[in-house]
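Beneath this line is the structure, given in structure tokens, with notes to follow.
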Amino acid sequence: MGILTDKFKAKADKLSAEVKDILKEHGDKTIGEVKLSQIYHGMRGITGLVTETSLLDSQDGIRFRGYSIPELQEKLPKAEGGSEPLPEGLFYLMLIGELPTDEEAQYISNLWQRRSHVPNHVFATIEALPLSAHPMTQFVTGIMALQTESSFAKKYAQGLSKKDYWEAVFQDTMDLIARLPRIAAYVYRRKYKYGVHIQPDGLLDWAGNFAHMLGFEDESFRELMRLYMTIHCDHEGGNVSAHTTHLVGSALSDPYLAFAAGMNGLAGPLHGLANQEVIKWIFEMRKELNTDLPDKGQIEEYVKKTLAEGKVVPGYGHAVLRKTDPRFDAQMTFGKKHMPDDPLVNTVWNIYEVVPPILQSLGKVKNPWPNVDAHSGALLVHYGLVEYEFYTVLFGVSRSLGVLASLCWDRALGFPLERPKSVSNRIVKLWLEGKEEIWGGD
Ligand code: AMX
């Protein structure tokens, strides 16, 4: 681990010094203005966070340290015989800021294998929940139970110097990422496979081993997991799961507490739960229409019915993106390569042709194009992972890579407690009447 921590520390010291200089010289510069409507509309477009790991452009989509998804697919190390990137390599890129060599990605793989032991009390805690509990509830409960292992919490209680926070957070990050696939697979096998669990395979990479523990031995499913874990890992800092992890971490809550909080945000239907909603919605459409391959006219009618019922079309729209999500494109390419004739996957592609013009015609939807969640479930169903309530857990395991790498940076750069100002409606009204200054306060 020394090589990785040394490299990270050297990068962080350099950037820390640069940030200090920037703030000293330019700290008073104004970067933009905030409209009243933005305060009421979920703070859209207000730049208020610094996140190293990735950057989202409304047209271009996500770039991880400057690299697009197709570039990552080309440049990141692969598993032997595979063609999808190893998530270990992307984690290295997000953390260190450089593309890893095959050896560096392998180093992380080995490290996570060695640290993947999950203590028994975690499984016992999950077992205390009824089987009916949602997989995300079981997953987050497992993470909370694992918090007993936090080295940050222990060291902080003993008296940890501010300059050493980053290292304890770094250790927790590596331990937590290493253990998440085991907890997630445990939840899956407990809820859907009669509690028949599968031991980890120490020879496999992080995502390959996850696929194995879930119970899928098909090599192309392993490839799907590598792709899935890569494309879901980060979406810059303002999305609910990333922002929550960052916010809770800013209180010096340890990475287990901060990540569990982020996962509770991911569990919302407007965020990470959308992937289960998409498949549920398609299954309901197929049942109602009594066909496995509804035609475009039937899909159009069903979409209109969904909207008329006051519901959103799941998997479509985005708070930042204004074009088809490149993560959707990457999955479509995977589908065309591995399962071009699958009826469910073809339905996803037909929906893609039908939905955007309908949403556009409403005149209020800012982005009528599909997001990542519009596609992921259909690929999983193809391989037999049909239990759609589990999908957000997969998303969560992947999201750990980005938000925890970011948390390491937060502590290495010494970011303080986050505390934006809020106002009441009374104050807004007084301000509009020219009677009160709304800015300031504690
Ligand atoms: N279907 C129907 N209506 C939609 C819509 C959709 N897919 N997307 C947006 N709208 C509606 C909004 O509900 C809003 O209506 P209102 O003014 O009556 O309240 C209006 O269009 C304007 O919304 P917006 O500015 O375009 O979107 P937003 O930034 O407020 O919300 C999002 C973004 C993702 C929550 C929204 O597009 C949505 O609900 N999509 C469906 C759920 C989904 O796929 N979520 C996953 C997002 C990706 C992720 O985090 N995993």
Side-chain angles (χ1 to χ4, degrees), residues 35 37-46 51 54 56 58-59 61-62 69 136 228-245 262-282 284-285 299-300 302-331 348 351-380 388-403:
K35 292 194 188 109
S37 60
Q38 289 177 292
I39 301 177
Y40 277 92
H41 292 153
M43 298 193 279
R44 295 288 188 289
I46 301 177
T51 303
S54 66
L56 182 60
S58 63
Q59 300 301 318
I62 190 70
I69 289 171
M136 277 304 276
Y228 190 107
M229 293 295 132
T230 296
I231 63 177
H232 286 80
C233 74
D234 209 31
H235 221 218
E236 73 169 32
N239 67 77
V240 172
S241 49
H243 189 186
T244 307
T245 306
M263 288 301 95
N264 282 318
L266 193 76
L270 295 188
H271 190 21
L273 208 75
N275 53 16
Q276 84 163 45
E277 297 300 300
V278 168
I279 285 300
K280 199 170 147 210
W281 180 77
I282 299 178
E284 281 166 4
M285 169 166 63
I299 293 172
E300 188 174 330
Y302 198 79
V303 169
K304 286 182 176 162
K305 180 173 166 275
T306 300
L307 292 169
E309 287 167 355
K311 298 175 189 161
V312 293
V313 179
Y316 281 75
H318 199 272
V320 179
L321 278 170
R322 294 295 175 256
K323 61 161 253 188
T324 297
D325 192 333
R327 301 172 298 177
F328 179 92
D329 288 331
Q331 296 180 92
V348 165
I351 293 170
Y352 181 28
E353 286 185 36
V354 170
V355 167
I358 299 177
L359 289 184
Q360 240 151 5
S361 73
L362 297 181
K364 63 172 184 178
V365 182
K366 297 198 188 65
N367 178 39
W369 304 106
N371 58 56
V372 65
D373 298 314
H375 209 308
S376 51
L379 301 179
L380 296 165
Y388 52 73
E389 282 198 344
F390 186 72
Y391 294 169
T392 311
V393 176
L394 297 175
F395 194 157
V397 173
S398 168
R399 190 47 59 104
S400 69
L401 302 177
V403 301

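Values in this document were obtained by computation on a predicted structure and should not be read as measured data. Atoms within each ligand, like the ligands themselves, are counted from 1 in listed order.
Between His235 and His318, the distance from one ring center to the other falls under 6.0 angstrom.
Annotation for ligand 1: atoms under 4.0 Å from non-hydrogen atoms of Lys366 are 25 (O), 26 (O). Each of the atoms 2 (C) of ligand 1 lies under 4.0 Å from some heavy atom of Leu307. Using a 4.0 Å cut-off to heavy atoms of Phe395, the atoms of ligand 1 that qualify are 51 (N). For ligand 1 and Ala274, the ligand atoms under 4.0 Å from any heavy atom of the residue are 43 (C), 44 (O), 45 (N), 46 (C). The atoms of ligand 1 that sit less than 4.0 Å from any heavy atom of Gly315 are 43 (C), 44 (O). Listed by number with element, the atoms of ligand 1 under 4.0 angstrom from any heavy atom of Asp373 are 46 (C), 48 (C), 49 (C), 51 (N). Every atom of ligand 1 is numbered from 1 in the order shown, and the set under 4.0 Å from a heavy atom of Val313 is 1 (N), 2 (C), 6 (C), 7 (N), 41 (C).
Nearest-heavy-atom check against atom 42 (C) of ligand 1 across Gly317, Pro269, Ser241 picks out Pro269. Heavy-atom proximity to atom 18 (O) of ligand 1, evaluated over Lys364, Glu277, His235, is greatest for Lys364. For atom 31 (O) of ligand 1, the choice among Arg327, Arg44, His41 with the nearest heavy atom turns out to be Arg44.
Scored by the side-chain hydrogen bond (donor to acceptor under 3.5 Å, both in side chains) test, Gln59 finds no partners at all (sequence neighbours excluded). Under the rule for a side-chain hydrogen bond (donor to acceptor under 3.5 Å, both in side chains), Tyr388 has no partner lying at least two apart in sequence or in another chain.
Here the side chains of Leu380 and Asn275 are not in contact, with every heavy-atom distance at 4.5 Å or above. The side-chain heavy atoms of Trp281 and Val313, taken from C-beta on, include a pair separated by under 4.5 Å. Counting only heavy atoms from C-beta outward, the side chains of Tyr302 and Val354 never approach each other to under 4.5 Å.
Closest to atom 40 (N) of ligand 1 among all protein heavy atoms lies Tyr316 O, 2.9 Å. Scanning all protein heavy atoms for the shortest distance to atom 27 (O) of ligand 1 gives His318 O, 4.5 Å. Closest to atom 50 (O) of ligand 1, if we only count protein heavy atoms, is His271 ND1, 2.8 Å.
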Exercise. side-chain contact (heavy atoms from CB on, under 4.5 Å) between Tyr352 and Thr324: does it pass, once the steps are laid out?
Worked result: CA-CA 9 Å; Tyr352 181 28; Thr324 297; 2.7 Å; yes

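Note that atom 7 (N) of ligand 1 has protein non-hydrogen atoms nearby, at separations under 4.0 angstrom. Under the 4.0 angstrom criterion, atom 12 (C) of ligand 1 counts as lacking any protein heavy-atom contact. Of the protein's heavy atoms, at least one falls inside 4.0 Å of atom 25 (O) of ligand 1. In this structure, atom 46 (C) of ligand 1 is in close contact with the protein, since a protein heavy atom lies within 4.0 Å of it.
If you look at Leu362 next to ligand 1, there are no close heavy atoms at all, none under 4.0 Å.
To the nearest 0.5 Å, atoms CZ (Arg327) and CD1 (Ile231) are separated by 7.5 Å.
Exactly one residue among Tyr316, Phe395, Tyr391 makes a side-chain contact (heavy atoms from CB on, under 4.5 Å) with Asp373. That residue is Phe395. For the side-chain contact (heavy atoms from CB on, under 4.5 Å) criterion with Met285, the lone passing option out of Thr306, Ile351, Val303 is Ile351. With Arg399 as reference, Asn239 is the one residue of Asp234, Asn239, Thr245 to meet the side chain to side chain donor-acceptor pair (under 3.5 Å) rule.
With His271 contributing its side chain and Ser241 its backbone, the two residues share a donor-acceptor pair below 3.5 Å. The backbone N or O of Val397 sits less than 3.5 Å from a side-chain atom of Ser400, completing a donor-acceptor pair.
For Val365, the heavy-atom gap to ligand 1 drops under 4.0 angstrom.
Remark: ligand 1 and Asn371 share an N or O pair separated by less than 3.5 Å (distance only, no angle test). Ligand 1 has an N or O atom lying under 3.5 Å from an N or O atom of Leu270, backbone or side chain.
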